[in-house]
Amino acid sequence: MDRRTFAKTAGAGAGLAAAVGRRALAFGSADRSGQAPAQSKGIPDVIVVGAGAFGGWTALNLQRQGVKVRLVDAWGPGNSRSTSGDETRGVRSSYGDRAGAQAAQWGAWAKRAMQKWSDWDATWGREMKLQLFYTTGDLIIRATTTDAFIRNNKTMWDKIGAKYDVLTRDEVQYRYPQYQVDDMEGFLFEPEAGFVRARRACEAVAGVFQQFGGDLVTSRAWPTTQMNGRMPGLQTSSGDLMQAGTYLFACGPWLGKVFPVLLGNRMRTPMGSVVYIGSPPGEYRMQYPNIPTFNYPGATGWPSAPSDNLGFRVRAGGGAQGTDPDRSERIFDRAAAQRTVEFVNQRFPLLRGQPILKEHSCHYESGSGGNFIVDKHPDMSNVWIMGSGMAEGFKFGPVIGEYAANRILCQDKEPELADGFCIPLQEYAASDQTGFGAPGGGGRASGSAQGGRGSAAASPGRGGTGAGAAAGNSPRSGGAGAEPAARKPYSSAEVSGTFGRKSC
């Protein structure tokens with residue numbers, strides 16, 4: 001789709017949204033079923049707090065549909081403190097380790113996201129002289145052909161109609177001699193997978209949002225006290241009070257700090273770290289497009305994008321430590337990266353003994369329900385909460401942004417998903433401080449000694465045996481590290497999402 005067609009399509013959507021929205025709630029009016037957010041003079045219809053993958057894409061989709069949106073971020077799109085502030089993120093659909101229906105839902109959404117990333121490049125890449133998505137294929141490598149992660153992904157991919165190849169060790173060694181797989185027997189190849197320029201993607205989405213008339217503000221914002229079941233405004237670091245008809249908080253690992261009572265013990269903000277390993281001079285076999293992304297047990301990675309020369313990106317455990325996205329230092333030393341170095345020396349002979357060129361650490365945010373959150377605040381009917389990316393959220397940005405915008409505009413096209421995206425009732429067990437260490441919500445690279453989703457070796461977001469996925473993952477049941485008698489979200493008479501079900 002060229003830019004002119006894209007803009008024309010957006011204009012058609014704007015007319016539809018305006019027709020619905022101008023009859024909808026103005027600031028301070030009642031929130032009624034089947035109505036869109038406010039369309040009003042002088043103030044935005046929607047303020048989105050957080051310009052990362054979730055917030056940025058949602059703001060853009062709202063703006064494209066004729067809604068007046070202000071996007072607010074404390075440090076700006078793609079900043080180094082954000083979850084999406086690294087140079088690249090992997091995009092694949094291998095979620096066979098997820099529990100129940102979530103496997104197919106995440107897999108299908110990831111498949112849609114790959115197409116949307118490609119569409120973005122086709123629409124805006126030429127104008128911006130920037131390619132975001134690089135198709136490399138993703139190679140899953142396991143010790144046996146009967147590994148649960150391989151079996152589950154094949155079943156899930158067959159269900160959603162995704163393309164994949166089952167390879168033998170001889171085929172892998174012939175196609176990709178860069179890998180050392182002598183002790184491995186199970187191989188799956190997903191040809192449509194790849195990686196995305198993450199930081200630049202957030203900047204690009206915010207830029208197009210502004211081209212469509214959106215307002216981007218760099219400021220810290222806090223919710224104010226609810227009045228009559230609604231939030232009257234946002235307090236900002238500049239001292240101003242921002243007002244809108246509807247508010248969306250999509251502030252990633254800051255969500256627990258913004259809503260400490262509601263989400264404090266329902267979210268975790270573990271730190272993830274990656275290193276970029278250099279190649280020998282003149283050695284191009286470890287660079288795009290000569291090698292696919294990979295998924296070994298406990299380690300993932302991919303080559304750098306063309307012209308970046310950042311190095312071969314690897315995550316294999318170890319790195320910076322911290323839980324507070326405002327205070328954590330994102331640096332770590334060679335000793336903390338030693339596990340990754342040893343993995344690279346073993347699995348990629350061409351990189352043996354090569355230097356670390358760059359390192360990056362960021363906070364993920366995980367919710368106790370083991371799924372994304374797209375839900376209304378239980379006590380403020382004009383406040384939406386969006387987050388719990390589970391170390392996987394970035395790749396879903398184009399899809400979940402469209403989904404959230406439709407929910408906010410009362411045009412939900414996938415109503416069967418709403419219950420799965422509720423603010424979870426359960427809390428994390430006191431013993432689980434990682435957010436990735438208990439059954440029921442996430443499928444880490446290998447089962448822990450406690451029978452959970454991960455171990456110290458696990459790479460958040462890359463699938464494993466699925467041993468921990470058997471526990472309940474519904475937001476209405478105990479899941480990811482939940483204590484059986486966990487309290488409900490505060491002040492809610494019944495359950496989380498009450499307003500969300502009564503209205504849109």
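Quantities reported herein were computed from a predicted structural model and do not represent experimental measurements. Counting begins at 1 with the first residue of the sequence.
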(request) Go through the steps to decide whether N79 and D73 satisfy the test side chain to side chain contact (heavy atoms under 4.5 Å, CB included), and finish with yes or no. (result) CA-CA 10 Å; N79 72 83; D73 194 281; 3.5 Å; yes
(message) As an exercise, state the distance from CZ of F212 to CG of L60, rounded to the nearest 0.5 Å.
(response) 6.5 Å
(request) Look at the side chain of S273 and the backbone N and O of A320, then say whether any donor-acceptor pair between them is shorter than 3.5 Å. (result) yes
(request) Measure the shortest side-chain to side-chain distance between T225 and M227 over non-hydrogen atoms and say whether it is less than 4.5 angstrom. (result) no
(message) For the backbone of S368 and the side chain of Q426, can you confirm whether one donor and one acceptor N or O come within less than 3.5 Å of each other?
(response) yes
(message) For D324, is there an ion pair with K257 - N to carboxylate O distance below 4.0 angstrom?
(response) yes
(request) Verify whether the ring centers belonging to W106 and F421 lie closer than 6.0 Å. (result) no
(request) State, to 0.1 Å, how close A74 and R220 come at their nearest heavy-atom pair, and which atoms those are. (result) CB-CD, 3.8 Å
(message) So, taking the atom named CE in M114 and the one named CZ in F133, what distance separates them when rounded to the nearest 0.5 Å?
(response) 6.0 Å
(message) What's the separation between atom CD in E392 and atom CZ in R89, rounded to the nearest 0.5 Å?
(response) 10.0 Å
(request) Work out which heavy atom in V67 is nearest to a heavy atom in L409; give both atom names and the distance. (result) CG2-CD2, 3.4 Å
(request) Examine distances only and state if a side-chain atom of S304 and a backbone atom of D308 form a donor-acceptor pair shorter than 3.5 Å. (result) no
(message) Side chains of Y428 and S366: any donor to acceptor distance under 3.5 Å?
(response) yes
(message) Can a side-chain donor-acceptor contact be found between S328 and H363 if the only test is distance below 3.5 angstrom?
(response) yes
(request) Heavy atoms only: give me the nearest V72-S219 pair and the separation to one decimal. (result) CG1-O, 3.3 Å
(request) Verify whether one side chain among R268 and Y364 offers a donor that lies under 3.5 Å from an acceptor in the other. (result) no
(message) Using every non-hydrogen atom in the two residues, find where G76 and T218 come nearest and quote the distance to one decimal.
(response) N-CG2, 4.3 Å
(message) A side-chain contact here means heavy atoms from C-beta on lying under 4.5 Å apart; do Y134 and R197 qualify?
(response) yes
(request) Ignoring hydrogens and angles, state whether a donor on the side chain of S82 or W75 is under 3.5 Å from an acceptor on the partner side chain. (result) no
(message) Rounded to the nearest 0.5 Å, what separates atom OG1 in T236 from atom CD1 in I47?
(response) 9.5 Å
(request) Examine distances only and state if a side-chain atom of K376 and a backbone atom of S381 form a donor-acceptor pair shorter than 3.5 Å. (result) yes
(message) Between F259 and H377 (judged by ring centroids, cut-off 6.0 Å), do the two rings come close enough to count as a pair?
(response) yes
(request) Check whether any side-chain heavy atom of Y247 sits under 4.5 Å from a side-chain heavy atom of V49, and report yes or no. (result) no
(request) Say whether, by atom type as modelled, one donor and one acceptor occur between the side chain of D412 and the main chain of N406 under 3.5 angstrom. (result) no
(request) Answer whether the closest heavy-atom distance between the side chains of V258 and P223 falls below 4.5 Å. (result) yes
(request) Flag the pair Y403 / W109 as yes when their ring centroid distance falls below 6.0 Å, and as no otherwise. (result) yes
(request) Can you measure from CE (M231) to CD (Q243) and round to the nearest 0.5 angstrom? (result) 10.0 Å
(message) I'd like to know if the side chain of Q63 reaches the main chain of V69, judged simply by a donor and an acceptor atom lying under 3.5 Å from each other, with no hydrogens or angles considered.
(response) yes
(message) I'd like to know if the side chain of E192 pairs up with that of T135 as donor and acceptor (distance under 3.5 Å, no hydrogens or angles considered).
(response) no
(request) Rounded to the nearest 0.5 Å, what's the gap from CD1 on I400 to CZ on R407? Could you check? (result) 10.0 Å
(request) Using only heavy-atom distances, determine whether the side chains of D138 and T293 contain a donor-acceptor pair under 3.5 Å. (result) yes
(request) Check M156 against G96 and note the closest heavy-atom contact, atom names and distance. (result) CE-N, 3.8 Å
(request) Please confirm whether F396 and F372 have ring centers closer than 6.0 angstrom. (result) yes
(request) Answer yes or no: is there a side-chain heavy-atom contact under 4.5 Å between F332 and V275? (result) yes
(message) Would the distance check show the side chain of R315 and the main-chain N or O of R313 forming a donor-acceptor pair, the cut-off being under 3.5 Å?
(response) no
(request) Return yes when atom CD of E329 has more than 12 non-hydrogen atoms of other residues, nucleotides or ligands closer than 6.0 Å, and no otherwise. (result) no
(message) Measuring centre to centre across the rings, with the benzene-like ring taken for any Trp, is W57 within less than 6.0 Å of W120?
(response) yes
(request) Search all heavy atoms of M380 against all heavy atoms of T224 and return the closest pair with its distance. (result) SD-O, 4.3 Å
(request) Dump the intermediate steps for side-chain hydrogen bond (donor to acceptor under 3.5 Å, both in side chains) on W302 and T136, then the final yes or no. (result) CA-CA 9 Å; W302 45 84; T136 60; over 6 Å; no
(message) Less than 4.5 Å apart, side chain to side chain, heavy atoms only: is that true for T323 and M271?
(response) no
(message) Keeping T58 on the side-chain end and F54 on the backbone end, is there a donor-acceptor pair under 3.5 Å?
(response) yes
(message) Using a 3.5 Å distance criterion without hydrogens, assess whether the side chain of T269 forms a donor-acceptor pair with backbone atoms of E365.
(response) no
(request) With side chain to side chain contact (heavy atoms under 4.5 Å, CB included) as the test, would you mind laying out the steps for K358 and E87 before giving the verdict? (result) CA-CA 11 Å; K358 180 182 173 68; E87 297 299 328; 3.9 Å; yes
(request) Kindly check if the number of other-residue, nucleotide or ligand heavy atoms within 6.0 Å of CD (Q321) is above 12? (result) no
(message) Check whether R81 reaches the backbone of D326 with its side chain - one donor and one acceptor, N or O, closer than 3.5 Å.
(response) yes
(request) Report the residues that fulfil salt bridge (Lys or Arg N to Asp or Glu O under 4.0 Å) with E402, sequence neighbours left out, ordered by chain and then residue number. (result) R112, K116
(request) Please tell me if the side chains of I408 and L62 come closer than 4.5 Å, counting only heavy atoms from C-beta onward. (result) yes
(request) Check the pair I423 / I385 against side chain to side chain contact (heavy atoms under 4.5 Å, CB included), numbers first and verdict last. (result) CA-CA 8 Å; I423 298 168; I385 296 173; 4.0 Å; yes
(request) Verify the distance criterion only: is there a donor paired with an acceptor across the side chains of D119 and Q115 at less than 3.5 Å? (result) yes
(message) Go through it in stages, so that I can follow the logic: the residues are S93 and E190, the test is side-chain hydrogen bond (donor to acceptor under 3.5 Å, both in side chains), and I'd like the CA-CA distance, side-chain angles, deciding distance and then a yes or no.
(response) CA-CA 8 Å; S93 66; E190 182 185 2; 2.5 Å; yes
(message) Pairing donors with acceptors under 3.5 angstrom, does anything connect the side chains of Y276 and D86?
(response) yes
(message) Taking the six-membered ring for Trp, are W117 and W124 closer than 6.0 Å centroid to centroid?
(response) no
(request) Determine, stepwise, if the pair R70 / V48 fulfils side chain to side chain contact (heavy atoms under 4.5 Å, CB included). (result) CA-CA 6 Å; R70 177 173 296 160; V48 178; over 6 Å; no
(message) Is there a side-chain contact between M128 and V208 in this structure, where contact means two heavy atoms from C-beta onward sitting under 4.5 Å apart?
(response) yes
